[in-house]
There are 2 protein chains.
Amino acid sequence: MKSEHIPKATIARLATYIQVLSEFKREGTDVVSSERLAEACSVNSSQIRKDLAYFGEFGVRGVGYYVQDLITSIKRSLGIDRAWNCGLVGVGNLGRALLRHREFSRKGFIIRGAFDCDPYKIGEIVEGMEIVCSRQLPAKVKELSLEIGIITTPPERAQRAANYLVGAGIKGIINFAPSRISVPSHILLEYVDFFHHFYAAAFHIRFAEHQE
Amino acid sequence: MKSEHIPKATIARLATYIQVLSEFKREGTDVVSSERLAEACSVNSSQIRKDLAYFGEFGVRGVGYYVQDLITSIKRSLGIDRAWNCGLVGVGNLGRALLRHREFSRKGFIIRGAFDCDPYKIGEIVEGMEIVCSRQLPAKVKELSLEIGIITTPPERAQRAANYLVGAGIKGIINFAPSRISVPSHILLEYVDFFHHFYAAAFHIRFAEHQE
DNA sequence: CTGTGAATGTGAATTTTTTAACATAGGTTC
DNA sequence: GAACCTATGTTAAAAAATTCACATTCACAG
C-alpha cells in the first residue's frame, strides 16, 4: 500500500506494537499472528494489518510475522533505526528527570545538550552533562548536530525557548511545558501532557460511581 | 446535549482548553468566543462547541463564554473540581521525578503514598514521604482513601504492582511502565508513554527530508 | 418593547478511522 | 508438484469523529 498520510493514532499504536513484540521476543516467540499480537495490544487484528500496510508488507501469508523482522521493519518505518540527537531546554525538576531517564538513549534519542538561562544553573553538571546558556543554542545545535529540541521550561518561557530552538535550526520540538507555543509550519511540534490521562481517569471513575 | 460516550480525544482537548483559558484569565480576558479559543488551541471552533456540548451548555449566545465560568464548568465536568488521592508504586528514577513534580498537587492529584518492594528503599523519605513496602498497599489504600494508583516500576514488575493495587481496592491505574498489563474491567486503566511523541517527531522529520 | 447583530448549540454532511470480509499467496504435506 | 491450510494484504462496509451550516437565543440599541 505505502500511503502518504498516516494517522497519529497509528504512530501511537506502532509504539505499542514494538513494546509488545519486544516482550514476545524476550519470551522466545519467533513468529506471531496479527490475531495474537492484537490480543496482547487490546486492538483489532485488522487494525494491526492496516497500520502495517501504510508502510509496506512485512508478514508471510499463512504464517504470520517474524517477531524480530517486524520490530526491525517498524523501527525503520518510523525512522528510529538510527539515533536522534536532542537538546533539552529548561533544567528544572522535569528537565532533570528526563536527563536522568535511561530510556531516552535506550530508545535512540540521545540528549546531547542541556540548556538553561538561569546563571545559577549554567556550568552545573547533570548526568555528566554541563548546563549551557540558552544563548549558545545556535552554536551548539550546529556543533552537536541537534535535530530535536525538548522544552521543559516553565510555561511562560516555553515560547522563548521555542524561538531560540527554531532560530538555531532545529527540525522538531517536543514541548513538555504546559503552554501552547507557535512555530513556523516546517517545524514539527508535539505537545506532551500526561495529565489528560489523569483527567480521563478522574472522569471515568466518577462517571462509574454516578452509574451505580 | 449531555451524551453518554465521550471520545478520548475530547478529554485530551478539554485539558488543552483549560490550559489556554487559564492563560486568557491571567491576561485579564473575561469573555472569549469559540472562534478565538479555537485559534489559540489550533482546532476548529465547532470542535470546541461540540466537545462542550457533551457536558452541557456553558456559553451565552451572541456573547461567547465567560472565561472563569468555563474553566469551572470544564473542571466540574471532568471531575477535577475536587482532589484525588493517588498512590505511587515503584520509586525509581521516574517515580522520584513524579513525586517531586509540583504540578500534581497543583492540578488536584495528591500523591499520598509511595510504595516499593526494594528493602533498601523502604523507610527512605522522598519529598517528605516515607517509602512503604508494597505489601502494605491494602492497609494504606484504605487508610489514605487512595483512589488512583500510579505505576512507575520497571516493566517486568508492572503487572504485580497492578495486582497489588487492584487487590487493595484501587479504582483506577495510570501505568507509566513500558509494558501492557491486565486488570478487571471495572478498573480504569490508562497507559502513559510519551515516547510515541518522539517517534512521531522522528517519523515526520525524516519524511519531510525525504520529500525534498 | 421591538429590531438587530453576534455567537452559541445542534442536526446534517463530510471526512476519517475502524472493523469486517474475503481473495490471494506462501508454506507444508502427501 | 498439486492440493490444502492458514494468515496476510486489501477492498468494501460500518462506525466514529470532525466540519459545515444555520436556526436559535441572548444582549443591547434605538
Side-chain angles (χ1 to χ4, degrees), chain A residues 1-17 20-21 24 29-74 77 196 200 203, chain B residues 1-17 20-21 24 29-74 77 196 200 203:
Chain A
M1 205 194 195
K2 285 246 181 185
S3 179
E4 353 49 66
H5 173 248
I6 280 124
K8 196 152 267 222
T10 292
I11 304 280
R13 278 192 300 265
L14 288 174
T16 306
Y17 302 161
V20 171
L21 285 167
F24 277 135
T29 310
D30 288 332
V31 183
V32 74
S33 68
S34 60
E35 197 66 55
R36 232 159 76 62
L37 181 57
E39 202 197 325
C41 301
S42 322
V43 300
N44 185 293
S45 69
S46 5
Q47 182 80 83
I48 292 188
R49 298 199 296 276
K50 210 18 123 19
D51 284 339
L52 296 177
Y54 283 118
F55 299 96
E57 303 191 6
F58 306 126
V60 181
R61 296 187 189 205
V63 176
Y65 301 90
Y66 291 100
V67 173
Q68 179 55 66
D69 285 2
L70 188 52
I71 294 174
T72 307
S73 300
I74 295 178
S77 301
H196 73 253
F203 171 64
Chain B
M1 206 195 196
K2 286 246 183 188
S3 180
E4 355 47 69
H5 173 246
I6 281 123
K8 194 151 270 220
T10 292
I11 304 279
R13 278 192 300 266
L14 288 173
T16 306
Y17 302 160
V20 172
L21 286 166
F24 278 135
T29 310
D30 287 334
V31 183
V32 75
S33 68
S34 59
E35 198 64 55
R36 233 159 75 62
L37 181 57
E39 202 197 324
C41 301
S42 324
V43 299
N44 186 292
S45 68
S46 11
Q47 182 80 83
I48 292 188
R49 299 199 295 277
K50 251 280 146 65
D51 284 340
L52 296 175
Y54 282 118
F55 298 97
E57 304 192 6
F58 305 126
V60 183
R61 294 183 189 209
V63 177
Y65 301 90
Y66 292 100
V67 173
Q68 179 55 67
D69 285 3
L70 188 52
I71 293 175
T72 308
S73 299
I74 295 177
S77 300
H196 72 253
F203 171 65

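Below, chains carry the letters A, B, ... as their sequence lines are ordered, and counting in each starts from 1.
Taking atom NZ of A:K50 as the reference point, atom P of D:dT8 lies 15 Å away to the nearest angstrom. Here the P atom of nucleotide C:dG9 and the CZ atom of B:F55 are 14 Å apart, to the nearest Å. We find that CD of B:E35 is positioned 12 Å from C1' of D:dC20, with the value rounded to whole Å. A straight line from CD of A:E57 to C1' of C:dG26 spans 12 Å, rounded to a whole angstrom. Remark: P of D:dG9 and CD of A:Q47 are 15 Å apart, rounded to the nearest angstrom. At whole-Å resolution of the value, CZ in A:R61 and C1' in D:dC4 are 17 Å apart. When the P atom of D:dA17 is taken as reference, atom CD1 of B:I48 falls 18 Å away, rounded to whole Å. Atom P of nucleotide C:dG9 and atom CZ of B:R49 are separated by 8 Å, given to the nearest angstrom.
Proximity of the aromatic rings of B:Y65 and B:F24 is defined here by a centroid distance below 6.0 angstrom, and this criterion is not met.
Screening A:V63, A:V60, A:L70 for a side-chain contact (heavy atoms from CB on, under 4.5 Å) involving A:V31 leaves a single residue, A:V63.
A:F58 is not listed as a side-chain neighbour of A:I74, based on a closest heavy-atom distance of 4.5 Å or more. Side-chain atoms of A:I6 and A:D51, non-hydrogen and from C-beta on, never get closer than 4.5 Å to each other. Residues B:I71 and B:Q68 have side chains in contact (heavy-atom distance under 4.5 Å, counting atoms from C-beta outward).
Phosphate proximity of C:dT8 to B:S34: present, with a side-chain N or O under 4.0 Å from OP1 or OP2. Regarding contacts with the backbone of D:dT18, a side-chain N or O of B:R13 is found under 4.0 angstrom from either OP1 or OP2. A close approach under 4.0 Å does occur between a side-chain nitrogen or oxygen of B:Y65 and OP1 or OP2 of C:dG9.
Of the candidates C:dT17, C:dG26, D:dT10, the closest approach to any side-chain atom of A:A53 belongs to D:dT10.
If you find the closest nucleotide of DNA chain C to A:N44 and to B:V60, the one lying nearer the 5' end belongs to B:V60. Remark on DNA chain C: of its neighbouring residues A:D51 and A:V63, the 5'-side contact belongs to A:D51, judged by nearest-heavy-atom nucleotide.
Nucleic acid contact class of A:S46 (heavy atoms, under 4.0 Å, all strands): base.
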